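The model shown is predicted, which means the values in this text are computed figures rather than measured ones.
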Amino acid sequence: QEDSSMTKCLICSPGSYAPEGADSCQPCTAGYWSSTEGATLASDCQPCIPGKYLTAEGSSSENSCIECPPGKSGDKLAATLSTVCIDCIAGMFSLSGEIACKECSRGMFQELNASASCLNCIPGRYQNFTKQIDCIDCPVGRASTKVGRETQCDSCTPGRYQEDSSMTKCLICSPGSYAPEGADSC
């Protein structure tokens with residue numbers, strides 16, 4: 001930038017640039033930032049990475065880029081609006097600043113959209129698939145005390161039974177009665 005009363009060129013501050021011979025500095029556009037003093041090209045302005053956005057012009061720090069909040073993700077480079085951050089669907093989650101939502105692991109679920117975490121299956125339930133919105137009840141003849149169980153619940157051992165679903169333990173047969181493995185009665 002040149003001051004008409006002086007013959008000396010001024011240096012553009014961070015967040016702006018001026019091509020050689022320009023009479024003023026131009027701000028980095030929304031979605032871009034530059035920490036460089038004396039930048040001479042628009043390409044000296046760096047884009048906010050995916051998972052972040054920037055609404056303001058003339059930003060001088062990467063820290064100016066705003067992370068998509070937990071439960072949302074954004075995959076656009078140099079995003080300028082918060083609407084780039086899209087809700088994670090049920091069965092998925094994200095932390096802040098994520099490019100993509102992640103699937104809930106086996107043994108976990110999430111029934112809500114825009115979630116920052118997944119929940120463990122409670123005892124008496126399991127989930128053997130990823131990206132699920134609920135857990136599966138242990139069927140009759142099976143039980144589990146494990147939190148976050150990833151596989152089918154354990155069969156009741158011979159001499160034990162379980163007549164209800166979603167249970168955490170098998171019951172012992174009364175004296176004089178018998179139950180085979182996985183039984184729902186004696």
Side-chain angles (χ1 to χ4, degrees), residues 1-122 125-136 146-151:
Q1 175 176 344
E2 191 171 316
D3 185 327
S4 59
S5 65
M6 304 171 83
T7 57
K8 177 176 142 183
C9 291
L10 299 176
I11 295 174
C12 291
S13 61
S16 62
Y17 66 95
E20 190 175 326
D23 60 359
S24 65
C25 296
Q26 299 297 312
C28 292
T29 59
Y32 290 82
W33 60 275
S34 175
S35 60
T36 304
E37 185 175 56
T40 59
L41 301 170
S43 60
D44 290 331
C45 298
Q46 301 299 309
C48 291
I49 61 173
K52 296 183 178 188
Y53 65 95
L54 181 57
T55 58
E57 292 184 339
S59 295
S60 61
S61 168
E62 184 175 13
N63 292 335
S64 300
C65 298
I66 302 164
E67 292 184 336
C68 288
K72 295 179 178 269
S73 67
D75 62 358
K76 305 265 187 295
L77 185 68
T80 59
L81 298 171
S82 62
T83 53
V84 71
C85 301
I86 306 297
D87 287 353
C88 296
I89 61 170
M92 300 184 83
F93 75 101
S94 76
L95 304 175
S96 61
E98 296 286 339
I99 295 170
C101 297
K102 297 179 174 113
E103 294 181 354
C104 293
S105 301
R106 291 173 30 175
M108 304 182 90
F109 74 102
Q110 181 49 259
E111 62 186 347
L112 303 175
N113 292 332
S115 295
S117 63
C118 296
L119 305 170
N120 283 313
C121 294
I122 60 171
R125 305 192 85 201
Y126 73 99
Q127 184 48 261
N128 55 347
F129 295 103
T130 62
K131 197 178 172 184
Q132 298 301 303
I133 61 170
D134 200 3
C135 294
I136 302 165
K146 185 176 179 182
V147 173
R149 187 172 183 100
E150 300 175 7
T151 58

Quick check for you: to the nearest 0.5 Å, what is the distance between Leu77 atom CG and Ile49 atom CD1?
9.0 Å
Smallest separation among heavy atoms of Asn128 and Ile136, with atom names
OD1-CD1, 4.0 Å
For a quick test of reading the model, state the closest non-hydrogen atom pair linking Val84 to Tyr53 and the distance between them.
CG1-CB, 4.1 Å
Met108 to Cys118 - nearest heavy-atom pair and separation:
CE-O, 3.6 Å
Between side-chain atoms of residues 59-72 and protein atoms elsewhere (two or more places apart, or another chain), which donor-acceptor pairs fall under 3.5 Å?
residue : atom : partner : partner atom : Å
Ser61   : OG   : Asn63   : N            : 3.0
Ser64   : OG   : Ser61   : O            : 3.1
Glu67   : OE1  : Ser96   : OG           : 3.0
Lys72   : NZ   : Asp87   : OD1          : 2.6

Might you point out which heavy atoms bring Tyr17 and Cys45 nearest each other, and give the distance in Å?
CD2-SG, 3.9 Å
About how many Å separate CD of Gln110 and SG of Cys101, when rounded to the nearest 0.5 Å?
11.5 Å
Grab the two heavy atoms, one from Thr80 and one from Gly31, that are nearest each other, plus how far apart they are.
CG2-N, 3.9 Å
side-chain hydrogen bond (donor to acceptor under 3.5 Å, both in side chains) partners of Thr29, counting only residues at least two apart
none
Roughly how far, to the nearest 0.5 Å, is OG1 of Thr83 from NZ of Lys76?
9.5 Å
Distance (rounded to the nearest 0.5 Å) between Asp75 CG and Cys85 SG:
10.0 Å
To the nearest 0.5 Å, tell me how far Cys104 SG sits from Leu119 CG.
7.5 Å
Return the set of residues passing salt bridge (charged side-chain N to carboxylate O under 4.0 Å, His left out) with Glu37 (not counting sequence neighbours), or none when no residue passes.
none
Compare every heavy atom of Phe109 with every heavy atom of Asn120, then report the nearest pair and how far apart it is.
O-CE2, 3.7 Å
Quick one: salt bridge (Lys or Arg N to Asp or Glu O under 4.0 Å) pairs with a partner in residues 10-22, sequence neighbours left out?
none
Who are the side-chain hydrogen bond (donor to acceptor under 3.5 Å, both in side chains) partners of Asp134, not counting sequence neighbours?
Arg125
If we only count heavy atoms from C-beta on, is the Gln132 to Thr130 side-chain gap below 4.5 Å?
no
State which residues pass side-chain contact (heavy atoms from CB on, under 4.5 Å) with Ala90; sequence neighbours excluded, sorted by chain then number.
Asn113, Ile133
CD (Gln127) and CZ (Arg149) are apart, to the nearest 0.5 Å, by 12.5 Å
